[in-house]
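Worksheet for the structure shown next.
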Amino acid sequence: VVRRLLVRGRWVVADPAGAPGAAVADGAVLVEGERVAAVGTFAELATRAPGAEVVGDGSGLVIPGLVNTHHHGRGLTSFQLGLEDDYLEPWLAGWRALKPLDAYVDTVYSAMRLIQSGVTTVLHSGVARDMARYVEDTAAHLRAYDEVGMRVSYGVHVLDQHFFTHQDDGEFLAALPADLSGEIEALSAELAAPTADDFAALLTAQAARYADHPRIKLLASPIGPDWCSDGLLRRVADCVGEVGGGIHMHCLESPFQRAWALDGPGGGAVQRLHGLGLLGPAVSLGHAVWLTREQAALCADSGTSVCHNASSNLRLRVGVMPLGELVDAGVNVAIGTDGITLDDDEDMLRELRLVAKLHGLPRGLERAWRPSADDVLGMATANGGRPTLWGDAIGRLTPGALADVVLVDAERMRGVYADPATRPVDLLLARGQRRHVDTVVIGGRVVYRGGGFTGLDTGVIAARLRELAEAELDPLGARWAAAMRRIQPHVEAYYAARPPLSLQSSYVVNSP
Ligand SMILES: [Zn+2]
């Protein structure tokens, strides 16, 4: 017997990327098994499926599950672990000193926080310190998503250069105080970094393991063009070709990255990826704050997606991505929270609001533009299908699509009063927050209902995470953290000594 579910709402917004404002009033989504069978009025579908379990009392807003396309699966934030926001480059050095928590518990908690804010699919770009954590943590992350019941597109990471700065690592280390470079060398011998072979073996093994899984897909996540040699990127492309996955990487996040890439091989980061055959519909670039017009056109023409991280870009002071220009160029833009949102809360609904407001250009400029509520919701739903490799199966509630459905409490969003003429998508973008999310269905399974998880205890996981964060580091971990903290001022000094960048922002918000 196929399980039938009717998710009922005062409005159903089935396809945010479709006709603006289209919503079924007094509607419902009929779910059969893991897929959407039909969308229509509740009255009509209740007659068609008399035995179906009904979720929702008809007062809420039903939307497709949100897709978070750039994340690292961390349950505790960098700030919670003691790292203040800074420019990206010195911040990254400090980030490497943060205490590693148990990968399974950390990711379970992260997945729960995302689901609570309406996210049903996450693109998790993996990161690891050493070989032991590379293999074990990857397995633990995937097991966490499997057990929570969340949909994930998981990127196995790899890098082979520029670990500390844009300088050759050997040269950078040679210029450090001898005891510090000696300690880094000693640590590198004990904490072996994964190689290209390790990467290929891990991606191949995990892709095979989850080949038939209903909610898990594997990607390659070379950290970014700056951190990868041409040889490594070719190897990544070959491996992805064999296992049939996609690629997600950070790209042109900071002005320093653009300056380095313009002088470096390939004549720019995106041109270089293009030359190596790495662009295409199964490829997505996180951040992409500093794309030139030519690079935006390359992304649009090749079908390469951009994953926009508005909060992260503000907190790490890398600049504002020219969203309007990328949209105009025809780039598929999706949205991610990167584990570092404006309120430090990983609330995807608040992130959507930030995207909607941050990119409103003043009237009177040559190019006044702002994304509509429908545009932004489309970026966080349907546009997320391509970079996560789920395609049209997620991000819209059309017959045959996977049943990832979110029911938001519209009455609580409205508060004391909201004009009855207010469109539901405008209400969501103006006032929606994590606390308004009532029910989350992933692949036809109700994982969250009435503000609580159906199979998990948030309190138990949170308590376990706190214990882990409070625990002492092991001696090797403590040495690593101390060395990374000592490196941070040297990274700062390296970038402070670079000539001021003369790059012009292409995104005019103000001028002196
Ligand atoms: Zn990131």
Side-chain angles (χ1 to χ4, degrees), residues 67-81 83 85-98 100-101 103 106-107 110-111 113-114 119 121-129 133-134 137-138 141 152-159 162-163 219-228 236 246-258 269 273 283-291 304-321 333-342 344-348 351 354-355 379-380 384 387-388:
V67 185
N68 189 328
T69 53
H70 184 84
H71 207 259
H72 302 288
R74 294 291 162 87
L76 292 184
T77 65
S78 48
F79 181 82
Q80 285 177 294
L81 291 169
L83 181 62
D85 296 354
D86 200 347
Y87 289 111
L88 174 70
E89 284 81 8
W91 181 88
L92 263 181
W95 179 83
R96 294 199 181 100
L98 296 182
L101 305 170
D106 205 17
T107 298
S110 168
R113 294 288 284 160
L114 291 178
V119 177
T121 301
V122 64
L123 194 165
H124 179 148
S125 179
V127 273
R129 184 189 66 187
R133 292 188 180 279
Y134 191 53
D137 283 8
T138 297
H141 290 147
V152 64
S153 300
Y154 187 92
V156 174
H157 95 278
V158 67
L159 76 163
H162 299 157
F163 186 76
L219 305 170
S221 232
I223 298 291
D226 310 62
W227 290 277
C228 300
V236 167
I247 298 173
H248 177 75
M249 69 180 91
H250 299 78
C251 188
L252 294 175
E253 180 171 355
S254 79
F256 283 113
Q257 293 178 358
R258 168 145 126 180
L273 296 175
V283 178
S284 59
L285 308 177
H287 299 280
V289 177
W290 289 92
L291 289 185
T304 304
S305 297
V306 160
C307 305
H308 179 34
N309 308 107
S311 279
S312 170
N313 298 340
L314 291 176
R315 288 186 57 183
L316 303 181
R317 297 167 75 181
V318 293
V320 176
M321 189 191 82
V333 180
I335 295 175
T337 56
D338 200 17
I340 183 161
T341 54
L342 203 56
D344 210 43
D345 62 356
E346 293 308 295
D347 187 332
M348 187 75 171
E351 185 73 7
L354 177 65
V355 172
M379 290 174 201
T388 57

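Whatever order the structure lists ligands and atoms in, that order sets their numbers, starting from 1.
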Residues, nucleotides or ligands: over 12 heavy atoms within 6.0 Å of Tyr87 OH: no
| Heavy-atom check, side chain of Phe256 versus side chain of Asp226, under 4.5 Å | no
Nearer than 2.8 Å to the Zn ion (ligand 1), the protein contributes N, O or S atoms numbering 4
Going by distance alone, is a donor N or O of one side chain under 3.5 Å from an acceptor N or O of the other, for Gln257 and His250?
no
Which of Asp338, Asp85, Thr337, Thr341 passes side chain to side chain donor-acceptor pair (under 3.5 Å) with Ser312? It is Asp338
From the list Asp344, Asn309, Asp86, side chain to side chain donor-acceptor pair (under 3.5 Å) with Arg315 holds only for Asp344
(request) Hey, can you tell me if His70 and His72 have their rings parallel, tilted or perpendicular (30° and 60° cut-offs)? (result) perpendicular
